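Below is one structure, written out as structure tokens; comments come after it.
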Amino acid sequence: MVRHFLDIHRLDATELRAILDDAHARKAARKGWPKGRADADAPAKDRVLAMIFEKNSTRTRFSFDAAIRQLGGSAIIANSTDMQLGRGEPVEDTAKVLSRMVDAVMIRANDHEDVERFARVSTVPVINGLTDRSHPCQILADLMTIEEHRGPVAGKTIAWIGDGNNVCHSFLHAAPKFGFHLNVACPAEYHPDLHDLARAGNNATLTSDPREAVAGADVVVTDTWVSMGDQDYEERLEAFEAYGVDDALMALAAPDAAFLHCLPAHRGEEVTDAVIDGPKSLVWDEAENRIHAQKAVLAWCFAG
Ligand code: CP
Ligand code: NVA
């Protein structure tokens with residue numbers, strides 16, 4: 001069976017825990033090393049990762065490239081507009097061709113179904129690097145960051161404030177797998193998909209009140225109010241006005257609460273400068289941890 005990493009809910013809790021443990025171990029083992037040096041075990045030696053981007057990216061692009069190098073492999077990166085895919089070549093034909101040329105494919109796509117279609121015919125592992133529906137790699141990095149600074153994520157309460165978007169969905173998928181509780185606070189018209197909410201079962205609650213969601217929370221997380229591809233910018237700014245994370249909201253969380261944001265941030269909208277640059281913010285470690293978490297994902301894919 002080819003090991004694809006498409007969504008957190010598709011893996012079992014033991015596999016996910018092992019991936020996160022490997023991410024922690026790989027980070028610890030290379031402390032102080034130059035960023036291009038390969039890990040001692042080099043599990044991707046001689047392997048090539050293709051990366052396809054249909055949307056902009058800074059973190060995902062650089063962290064996957066650094067990750068595959070640190071595993072001993074190399075990357076080929078393309079924007080879909082430079083590929084025949086961008087001129088209408090079928091996803092399935094692209095998947096068959098790339099399966100002959102590379103050892104794994106990471107895709108950032110507009111439409112989640114395109115990644116699923118790619119994976120259905122690909123004979124090499126496919127990794128979801130963000131779609132309109134989910135962002136699983138981000139959440140592994142987020143959980144890793146929480147554990148680094150606050151200990152095991154199991155039993156913690158995480159408050160998601162703002163848009164019930166792709167990143168929120170992956171948090172919902174992760175909650176029952178890692179045993180944390182997610183309090184989601186969204187305006188009624190921007191709630192997460194109810195199917196994704198249901199996947200979290202008793203591990204998630206939905207409210208429209210950000211103060212209720214953050215009360216006593218161990219971690220407060222937010223994201224942009226306008227994701228890539230969203231067209232209703234003005235309506236969103238109005239709907240989310242009461243959902244900005246500021247010091248007053250953080251003060252309602254646990255005294256040592258951490259703040260996370262996948263970035264890019266829109267300072268003055270979903271988060272204030274004081275919070276994102278303040279002592280509770282872990283966003284720069286969170287960004288770095290994209291490398292370590294994705295190395296563990298790639299190693300898991302190749303071990304299959
Ligand atoms: N957080 C994240 O995925 O960032 P990029 O869009 O820069 O890749
Ligand atoms: N929700 C954001 C995440 C960016 C990393 C988006 O999809 O644009």
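Note that the structure is a prediction, hence the values are computed from the model and not measured. Whatever order the structure lists them in is the order used to number ligands and atoms, beginning at 1.
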Check your understanding: Is it true that L263 lies under 4.0 Å from ligand 2, counting heavy atoms only?
Key -> yes

If you have a sec, work out which protein heavy atom is nearest [atom] and how many Å separate them, to one decimal?
{"atom": "atom 2 (C) of ligand 1", "answer": "R290 NH1, 3.3 Å"}
{"atom": "atom 3 (C) of ligand 2", "answer": "D223 OD2, 3.6 Å"}
{"atom": "atom 4 (O) of ligand 1", "answer": "R59 NE, 2.9 Å"}
{"atom": "atom 8 (O) of ligand 2", "answer": "M228 N, 2.8 Å"}
{"atom": "atom 7 (O) of ligand 2", "answer": "N166 ND2, 2.8 Å"}

Practice item. Would you mind checking if D22 and K295 are paired as a salt bridge, meaning a charged N to carboxylate O distance below 4.0 Å? Key: no

Check your understanding: Would you call D196 and R133 a salt bridge, taking side-chain N to carboxylate O under 4.0 Å as the test?
Key -> yes

Check your understanding: Is there any N or O on L263 that sits under 3.5 Å from an N or O of ligand 1?
Key -> yes

Check your understanding: ligand 1 and T58, any nitrogen or oxygen pair closer than 3.5 angstrom?
Key -> yes

Practice item. Determine, using heavy atoms of L130 and all atoms of ligand 1, whether some pair is separated by less than 4.0 Å. Key: no

Check your understanding: Does at least one non-hydrogen atom of H135 fall below 4.0 angstrom from an atom of ligand 1?
Key -> yes

Review point. What's the verdict on side-chain hydrogen bond (donor to acceptor under 3.5 Å, both in side chains) for T60 and R108, showing C-alpha distance, side-chain angles and the deciding distance?
Key: CA-CA 9 Å; T60 304; R108 169 164 285 194; 2.8 Å; yes

Test of proximity, [X] against ligand 2: N or O pairs below 3.5 Å:
{"X": "R108", "value": "no"}
{"X": "H135", "value": "no"}
{"X": "S227", "value": "yes"}

Check your understanding: Can you check whether V219 reaches R150 side chain to side chain, under 4.5 Å on heavy atoms?
Key -> no

Check your understanding: So do the side chains of F240 and V226 get within less than 4.5 Å of each other, counting heavy atoms only?
Key -> no

Review point. So, is the end of the R17 side chain (NZ or CZ) under 6.0 Å from the ring centre of F178 and within 45° of the ring's axis?
Key: no

**Study point:** Mode of L130 contact toward ligand 2 - side chain, backbone, both, neither (heavy atoms, under 4.0 Å)
**Key:** side chain

**Study point:** D82 atom CG, over 12 foreign heavy atoms within 6.0 Å
**Key:** yes

Check your understanding: Counting each atom of ligand 1 from 1 as listed, which ones have a heavy atom of C262 under 4.0 Å away?
Key -> 1 (N)

Check your understanding: Does W225 belong to the same Ile/Leu/Val/Met/Phe/Trp/Tyr cluster as V184, with side-chain heavy atoms less than 4.5 Å apart forming each link?
Key -> no

Exercise for review: Tell me which one of K55, R108, M228 gets a heavy atom nearest to atom 6 (O) of ligand 1.
Suggested key: R108

Review point. Atom SG in C262, atom CG in N166: separation rounded to 0.5 Å?
Key: 7.5 Å

Practice item. Tell me, with the steps shown, if H292 and Q70 meet side-chain hydrogen bond (donor to acceptor under 3.5 Å, both in side chains). Key: CA-CA 9 Å; H292 309 294; Q70 291 183 11; 4.8 Å; no

